[in-house]
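Everything below concerns the one structure shown next.
Here is how names work: the chains are called A, B, and so on, in the same order as the sequence lines, proteins then strands, and each is numbered from 1.
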Protein chains: 2
Amino acid sequence: MDARRRSLLEATLDCVAEHGMSGATARRVAERAGVTAGLIRHYFGSKEAMVSAAYGYLIGQLTNEAGESAEKGSEAPEQRLARFIVANVTAPNLSPRKVALWATFIGRVRTEPAYADIHRESYREFMALLETLIHPLLMGLKRPADPTTCQHYAIALNAVIDGLWLEGGLGHGLYDTALLPKIALSAAEGILALPSNTLMQHAAADSLSS
Amino acid sequence: MDARRRSLLEATLDCVAEHGMSGATARRVAERAGVTAGLIRHYFGSKEAMVSAAYGYLIGQLTNEAGESAEKGSEAPEQRLARFIVANVTAPNLSPRKVALWATFIGRVRTEPAYADIHRESYREFMALLETLIHPLLMGLKRPADPTTCQHYAIALNAVIDGLWLEGGLGHGLYDTALLPKIALSAAEGILALPSNTLMQHAAADSLSS
DNA sequence: TTTCTTGTTATACGACAGTATAACTGTAAG
DNA sequence: CTTACAGTTATACTGTCGTATAACAAGAAA
């Protein structure tokens with residue numbers, strides 16, 4: 001991808017994070033990227049097209065990071081799920097800036113089709129990944145693993161992951177975000193009705209030092 | 001509270017929901033409320049003050065609705081918690097408009113103190129309520145109920161409630177939102193390590209048909 | 001009746017938005 | 001050598017923004 005194009009997208013995200021969506025003006029974004037405003041037209045056609053492209057760019061970062069974390073490690077389903085969950089509630093995915101950006105964009109999903117498309121696609125991808133992590137885990141335990149059961153588990157897991165990611169990123173300072181991996185894994189064990197520590201024991205030690 | 005003031009706040013929320021925060025211009029809000037733009041200055045001092053007041057107004061609606069649902073019903077801790085959870089994932093709290101509004105405002109919490117104050121206060125209130133629901137429930141089961149344990153449970157429950165509320169409100173149409181109460185109660189039972197149906201049996205029948 | 005206050009409109013002003021257009025680079029092809 | 005084109009700047013135009021200010025209406029206080 002073009003370097004200039006990416007620098008404009010990153011400048012857009014910076015502006016949105018600092019001043020809200022209306023703060024990402026053509027002139028300000030261009031100045032931050034070290035160019036003049038006319039280039040936006042050249043690369044994106046319009047300012048609005050640039051901002052929605054920046055949304056897609058952000059979501060791509062988030063899902064790539066989480067997806068890659070599930071790949072690493074052994075083939076044990078427990079370990080893969082544990083790594084995926086922990087990756088979603090620790091840096092770099094757990095970042096105040098990213099949470100704020102996500103929320104700002106999400107606010108437009110309901111009324112603007114360009115944003116709705118990006119959101120639906122990324123959500124579908126996230127759920128599909130979650131279901132491919134849950135299914136082998138249930139099978140290994142000789143438990144029912146029909147699509148409906150897996151989907152319901154995935155919905156609940158997705159919710160608790162998103163919720164903790166949000167709370168942690170908003171950083172109200174009412175508790176230490178270092179607690180999040182433990183809380184997330186424990187909640188996931190409960191939701192999936194797994195024996196205690198089934199997931200916890202597979203998480204990297206450095207993420208869970210008491 | 002003044003009726004004109006409230007009509008301006010509701011017009012503000014309408015504009016934010018439809019066109020984002022930058023769509024809530026002084027002229028458009030005034031037109032929607034059936035007055036002229038000068039009145040904003042009279043009632044709120046500035047447009048920015050009106051918008052942040054609208055955020056507080058929205059959050060008040062959400063927490064009131066959920067809080068009152070926990071009050072109703074018998075004194076059984078299971079029933080109170082079940083009602084509270086269900087209220088958060090069904091109408092009127094589960095509304096695409098409200099979710100979009102919430103997200104739009106949340107995007108500003110990190111950088112604008114006025115929004116941060118409102119958010120922190122409402123979050124603190126939500127958590128405190130959740131802990132007063134969890135504590136008697138654990139006590140009744142003769143389980144450990146120290147503050148740290150209750151807090152961790154509250155964090156996880158808050159996350160799964162928020163996450164399901166968000167998913168349901170965004171309405172990507174990948175599953176029926178009527179499933180949410182069941183999923184939410186089942187997840188809560190798992191997180192709190194309660195026997196199956198401990199919470200489910202206390203929910204109103206009409207919320208859980210099929 | 002006169003005066004004061006509150007709610008409200010009408011209007012004017014300066015700032016800044018998005019973008020269209022024309023001109024200026026450099027570099028690769030002919 | 002020159003031609004053509006992609007990348008880039010400079011600038012001008014029109015619209016809309018937030019808000020300051022002056023005026024108007026109506027009821028309460030004097």
[X] side-chain N/O to [N] phosphate OP1/OP2 under 4.0 Å:
{"X": "A/Y43", "N": "D/dA6", "value": "no"}
{"X": "A/R4", "N": "D/dT8", "value": "yes"}
{"X": "B/H42", "N": "C/dT8", "value": "no"}

Contact class for B/R27 (heavy atom, under 4.0 Å): base, sugar-phosphate, or nothing?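 Answer is base: heavy atoms of B/R27 come under 4.0 Å of a base.
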Under 4.0 Å, heavy atoms only, any strand: does B/T36 hit a base, just the sugar-phosphate, or nothing?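 Here B/T36 touches the bases of the nucleic acid.
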Would you check if [X] and [Y] make a side-chain contact, meaning some heavy-atom pair closer than 4.5 Å?
{"X": "A/L170", "Y": "B/H119", "value": "yes"}
{"X": "B/Y153", "Y": "B/L133", "value": "no"}
{"X": "A/L8", "Y": "A/F44", "value": "yes"}
{"X": "B/Y43", "Y": "B/D2", "value": "yes"}

Rounded to the nearest angstrom, tell me the gap between atom [atom1] in [X] and atom [atom2] in [N].
{"X": "A/I40", "N": "D/dT8", "atom1": "CD1", "atom2": "C1'", "result": "13 Å"}
{"X": "B/K47", "N": "C/dA15", "atom1": "NZ", "atom2": "C1'", "result": "14 Å"}
{"X": "B/M21", "N": "D/dC17", "atom1": "CE", "atom2": "P", "result": "16 Å"}
{"X": "B/R5", "N": "C/dG7", "atom1": "CZ", "atom2": "P", "result": "12 Å"}
{"X": "A/F44", "N": "D/dA6", "atom1": "CZ", "atom2": "C1'", "result": "16 Å"}
{"X": "A/E48", "N": "C/dG18", "atom1": "CD", "atom2": "C1'", "result": "11 Å"}

Would you say the side-chain atoms of B/E10 and B/Y57 include a donor-acceptor pair closer than 3.5 Å?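 Short answer, yes.
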Checking salt bridge (charged side-chain N to carboxylate O under 4.0 Å, His left out) against A/E18, which of A/R32, A/R28, A/R97 comes through?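 Testing each of A/R32, A/R28, A/R97 against A/E18, the sole residue satisfying salt bridge (charged side-chain N to carboxylate O under 4.0 Å, His left out) is A/R32.
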Please tell me which of the listed nucleotides, D/dT8, C/dT9, D/dT19, lies nearest to the side chain of A/L39?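 Closest of the options to the side chain of A/L39: D/dT8.
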Where do A/A66 and A/N88 come nearest, in terms of heavy atoms and distance?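 For A/A66 and A/N88, the tightest heavy-atom pair comes out as CB-ND2, 3.7 Å.
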Going by heavy atoms closer than 4.0 Å, what residues in residues 12-20 of chain A are next to DNA chain C?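 Nucleic-acid contacts, sorted: none.
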